Amino acid sequence: MGSYGYFDDKTREYVITNPLTPVKWINYIGTLKFGGFVDHTGGALLCKGDPAENRLTKYIQQMPSGEFKGTSLYLRVAKEKGFQLLSPLFVPGLETLDRYECRVGLGYSRFITEVAGIRTECLVFVPQGKACEVRQITVTNVSQQSVNIDAIPVVEYSHMRSYMQLTNADWVPQTMVSHMHEEKQGKKIILQYPFMYRDTKVNYFTSSWAVSSFETDRKNFLGNNEYGTWANPLALQQSELGNYVAKRGDNICALLHHLGTLKSGESQSFVTLLGQEASLEIALPLIEKFRKTQEVDKAFAELGQFWDEYLEKQQVKTPSESLNHMVNVHNARQCYITKNWSRYLSYYQLGLGARGIGFRDSAQDVLGVLPSAAGEGKELINQLLRIQSPEGWAWHQVNPLTGIASSGESEEYSKGQMHFYGDDHLWIILSVCEYIKESGDFAYLDEKLSYYNPQSPQTPTQYGTVFEHLQLALKFTREHSGKNGLPLLYYADWNDTVNLPLGSESLHVANLYGWGLKELIALCKHLDKKELIKQYQTDWDSMSATVNAAAWDGEWWIRYIDEKGQPLGSHKNDVCRIYCNGQSWPVLSGFASGERAVKGLESLHSLLNTQYGIKIASPGYNGMVEGVGGIATYPPGAKENCGIFLHTNPWVMIANCMLGNGERAFEYYQQINPADKNEIIDLYEIEPYAYAQNILADEHPQFGLGRNSWLSGTASWSYQAATKWILGLRPEYGGLRIDPCIPKAWKEFSIKRVWRGAEYHIHVRNPHNVNKGVREIILNGNKIEHSQLPLLPVLKAGTTCQVEVILG
Ligand code: NOJ
């Protein structure tokens, strides 16, 4: 097949031009406060506040791609006998379209299709801060004859408690209720709610058009006791819908719009609104507002402005077009999406459980939004710090609606072990430190925040400053080590699926602890806290010695030591003999000495690298093995069982940059860059405009197949690898470091970066074809003193500067 679309740089969209994508490709609209995703055939999954407890549309990801999912739009043309039914968004009718474009934009999708001489344009988005999905629909007769056209947008509701919808077919249908609110001039608002919520929250679907009839019961709409199909609902063969107000059953809402007879070239437009408020009265002003085209246009412009401002904080121009696509638009956007949605809801994350926001995941996601949305990042960091325990470890997840924390999978499988992970609490050190480097908000360190009180989450009893929270995190790890002096793994570390008996030790936690210590040492140096610098340096030295004594395997680093003292990730093992994080993280922590650092990364390259990315480990478990955890549930080559788990790849890029290997760093960057997947898209299958969590590796027959796109730490870390390490622009407490590590062949590149309110226009030249090394910096025409290299000064907010950097 080749390609299903292209990047449109001017509009910052990816344009899907063929609806037959290998799997559904999605786009996000709105935020967790109200929003969800819209797929490339117009289906939408929407929720308000929480996809498990408050969902609007019934979108079942596992159903085949041609099925109706959540929402759609039908058109129909009156024929001599009955009506010709059309699906301008392709699903569910699946007629061949004469033109199809789905423009995946920033916070919106715009469909432009043509079928049977009718052009449909449909813009889908959620106005900033509002709780409704807007669809602005324009239908144009592009044929030579006049045509009489009806448009019928349809929504299928989920019970607000989405997991009940899927697990209970008695209580759910008995509670689902619709209500019709008739307005002046034939306009209607159709309300829907589970009976129990009648007085507290109602869904509504309405149009700016005076609809002539409606249907709220799926059985009536599909007809023939539901042996009618979504592809051809029998109710659409009647001149009017049944105006049935459902008091139970599968609630939908279909609104019949008679657009009238359109002459050749003539158009009609209307707006549909699907939202949720506490009551109809509260919804009414919003409905009135967005029925007006000017208001929709204004709200759409505001959305555009938000993204203009978000993206302009960092823009790059490099010799790599696909890097530019990702860093300037799509990767930056994905970072914001992961920050907003954590691992809640995607085409792969069903959002049915009590998952909430993940401590580890969100602490890393934050790092990807700091240049553009430091304030929002801080809010999220605060949410996480509030679920740190007073002992220093952190709860694994928190529901943002209730503030209630949970232990994640460690709860289910822990069998009497302690209910937490060995790593969670340490990640937040990176988030806080990067937030301060970005914002210069040192006062944040003194803000008091609560520790989590599981007995009564709403009434915490213990507090500490942000700085104390961080210190406690380090203290907990320092004081909880195993027989070899390495930190205890507890339920798991970053790799959720290696679950070893209590007493097992984790090299990853050791290295994360090392990175955390380095961060606090740098912070304390800036704050001139001499005692703490001394203490943390001693801790770092001591862990470095322990890691070097216990974890060097000869050619690479091991990854765990189990409770019996046996290594995992060693040449002594039959499976998972070498782990990717095992090699990158000792470089990130600084524990790897010169030769060991290089050797570890070389072993990684020869044993784990593939053309589609670096594998998480090798070789895989082949069958269930007791006592190792979830890893062995996958076939070899899939996910954590030696798949290409993409989240780990940017760490290897960063480690290579730290060692000055710009060729490797960029090679690794490009081999997982989704924007470079067009050539193999039928193999890769998923969106070329968003990073995925995993790709099947070479032990699997479908090597190269990507899955679990969008909500992955790959987004934040790829963005950081590209901007902070390959392009080398890193905020520090007292200046902006510019220390690129690029391919020798790159002659030049430039970055525009807004940092602490000042605008830096940086142009880097590489006349001597080096990977790394800043020879000279000229700031506004003046050479920066050699001793200051390669640090740019903090400038007054509001100022702009021109920076010329010469490598060599
Ligand atoms: C996905 C989880 O969301 C993340 O927290 C974890 O680090 C990776 N899986 C690896 O297991």
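Whatever order the structure lists ligands and atoms in, that order sets their numbers, starting from 1. The figures here come from the full heavy-atom set of this structure, side chains too, leaving out hydrogens, waters and symmetry mates. If you're wondering where the values come from, they're calculated on a predicted model, not measured in any experiment.
For Asp553, the side chain to side chain donor-acceptor pair (under 3.5 Å) partners are Ser570, His571, not counting sequence neighbours. Ala655 is linked by a side chain to side chain contact (heavy atoms under 4.5 Å, CB included) to Ser584, Val587, Leu588, Leu601, counting only residues two or more places apart in sequence or in another chain.
Partner of Trp494 under the ring pair (Phe, Tyr, Trp, His ring centres under 6.0 Å) criterion, chosen from Tyr579, Trp651, Phe359: Trp651. Each of Trp585, Trp540, Tyr513, Trp557 was scored for a ring pair (Phe, Tyr, Trp, His ring centres under 6.0 Å) with Phe591, with one residue passing: Trp540.
Here salt bridge (Lys or Arg N to Asp or Glu O under 4.0 Å) pairs that include residues 366-384, with residues two or more places apart or in two chains, are Lys339-Glu376, Lys378-Asp441, Lys378-Glu447.
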Contacts table for ligand 1: protein N or O within a distance under 3.5 Å of ligand N or O, distances only.
residue  : atom   : partner : partner atom : Å
ligand 1 : 3 (O)  : Asp361  : OD1          : 3.4
ligand 1 : 3 (O)  : Asp361  : OD2          : 2.8
ligand 1 : 5 (O)  : Arg360  : NH1          : 2.8
ligand 1 : 5 (O)  : Asp361  : OD1          : 2.7
ligand 1 : 5 (O)  : Asp361  : OD2          : 3.3
ligand 1 : 7 (O)  : Arg360  : NH1          : 3.3
ligand 1 : 7 (O)  : Trp494  : O            : 2.6
ligand 1 : 7 (O)  : Trp494  : NE1          : 3.0
ligand 1 : 9 (N)  : Asp496  : OD2          : 3.4
ligand 1 : 11 (O) : Trp494  : O            : 3.3
ligand 1 : 11 (O) : Asp496  : N            : 3.0
ligand 1 : 11 (O) : Glu640  : OE2          : 2.5

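Under the 6.0 Å distance and 45° angle rule, Lys677 counts as a cation-pi partner of Tyr684.
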